[in-house]
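Since the model is a prediction, treat every value here as computed from it, not as a measurement.
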Amino acid sequence: MTWSEMQPLLEQACRETLIMVGWSTLIAVVGGLPLGILLVLTDKGGLLQNTVVNKIIGQIVNIGRSLPFIILMVALMNFTRWVTGTTIGSEAAIVPLAIGGIPFFARLVETAVREVDGGLVEAVQAMGGNTWTVVRKVLVPEALPSLIASTTTTVIALIGYSAMAGTVGGGGLGDLAVRYGYNRFESGLMWVTVAILAVAISLIQFAGDAAARALHRRGGRSGVAPRLRLLKAEEPAAADVSKVA
């Protein structure tokens, strides 16, 4: 197969992979972020400590992560058909990709949020901040570099899942590699798809690492701390003035 014959096939496959990974990543982040934060808040010693809720959410996440993606796709076929009207193609593959990505990202979010300094949380509470304020002003901003890294890891994992989805008619680069590279013995096309996936993953990892480092350099983990330190510094000064008076 010549390059002129490969090019339109590769362009379509790349477009399908981009759509699958893009939409599934968005859904995974929107669904996994609150789940991960809830796992921290409802844990022992958390702001919303609730053992029952924490165990339920934890079990749901564990079950979602434990299922191999191929099995998950098969198990969700009826649900996928109900949502999209079909079980093949890139649109249908978004459903299992997103559902598989949510628990994966939730655990990464949980790990990132647990790294936040508990002193900052206590300081915001002492200033009258409620749980929503703590989440919005401390937990998410302070964990943002780690959340960016977690998102990068999730995107790379979903690219791998999307390639597996191609083996059962999910479309994208995986489907192209199976239909032409394996079934039609077009080894050249198969290796080109492998190279494209490798380059894409390397670029995404590089961009994610650069973004996380940039947030660290800009003080992304210290958005609340400077204001808290200023408040603490002003109190002794006021006390000294009163003593002089």
Side-chain angles (χ1 to χ4, degrees), residues 10-37 39 61-73 76 80 89-115 140 143-178 181-182 189-217 220:
L10 290 169
E11 289 177 354
Q12 181 181 356
C14 288
R15 190 161 48 246
E16 290 173 349
T17 297
L18 181 62
I19 292 172
M20 287 190 291
V21 175
W23 279 107
S24 58
T25 299
L26 177 62
I27 297 171
V29 170
V30 172
L33 182 61
L35 274 182
I37 294 175
L39 283 170
V61 170
N62 289 338
I63 292 172
R65 291 185 62 196
S66 64
L67 290 176
F69 182 69
I70 293 295
I71 296 176
L72 182 65
M73 285 193 67
L76 292 175
T80 301
S90 56
E91 291 183 2
I94 292 173
V95 176
L97 282 171
I99 293 177
I102 288 174
F104 182 87
F105 185 68
R107 281 301 183 192
L108 296 177
V109 171
E110 180 190 10
T111 302
V113 172
R114 287 189 188 280
E115 295 175 355
V140 173
L144 192 56
S146 296
L147 292 176
I148 294 296
S150 299
T151 303
T152 303
T153 302
T154 303
V155 171
I156 292 173
L158 289 175
I159 291 176
Y161 290 167
S162 71
M164 284 189 283
T167 62
V168 291
L173 290 169
D175 179 56
L176 183 66
V178 171
Y182 181 75
L189 180 59
M190 184 173 65
W191 285 112
V192 170
T193 59
V194 170
I196 291 174
L197 288 171
V199 171
I201 289 173
S202 298
L203 290 176
I204 291 169
Q205 187 68 63
F206 175 80
D209 291 344
R213 285 195 299 267
L215 286 172
H216 274 292
R217 286 197 299 268

**Request:** Would you check, one step at a time, whether the test side-chain contact (heavy atoms from CB on, under 4.5 Å) holds for Val109 with Leu39?
**Result:** CA-CA 9 Å; Val109 171; Leu39 283 170; over 6 Å; no

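In plain terms, the two heavy atoms of Phe105 and Thr154 that are nearest each other are CD1-OG1, 3.2 Å. When all heavy atoms are compared, the tightest approach of Leu215 to Pro145 is CB-CG, 3.8 Å. When all heavy atoms are compared, the tightest approach of Gly172 to Thr17 is CA-OG1, 3.3 Å. Between Ile63 and Ser66 the shortest heavy-atom distance is O-OG, 2.9 Å.
Atom CD1 of Ile196 and atom CG of Leu10 lie 4.5 Å apart (nearest 0.5 Å). Here the CG-OG1 distance, from Leu176 to Thr193, works out to 6.0 Å after rounding to the nearest 0.5 Å.
Applying the salt bridge (Lys or Arg N to Asp or Glu O under 4.0 Å) test to residues at least two apart or on different chains, none of the pairs has a partner in residues 193-216. The ring pair (Phe, Tyr, Trp, His ring centres under 6.0 Å) pairs that include a residue from residues 148-172 are Phe69-Tyr161, where partners are two or more places apart or lie in different chains.
Every residue two or more places apart in sequence or in another chain that forms a salt bridge (Lys or Arg N to Asp or Glu O under 4.0 Å) with Glu110 is listed here: Arg107, Arg114. With sequence neighbours excluded, the residues forming a side chain to side chain contact (heavy atoms under 4.5 Å, CB included) with Ile201 are Ile156, Ile159, listed by chain and number. Residues that satisfy the side chain to side chain contact (heavy atoms under 4.5 Å, CB included) test with Thr153, not counting sequence neighbours, are Phe104, Leu108.
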Would you tabulate the side-chain donor-acceptor contacts of residues 20-32 under 3.5 Å, counting partners in other chains and residues two or more places apart, or write 'none'?
residue: Ser24; atom: OG; partner: Met20; partner atom: O; Å: 2.6
residue: Ser24; atom: OG; partner: Val21; partner atom: O; Å: 3.2
residue: Thr25; atom: OG1; partner: Val21; partner atom: O; Å: 2.6

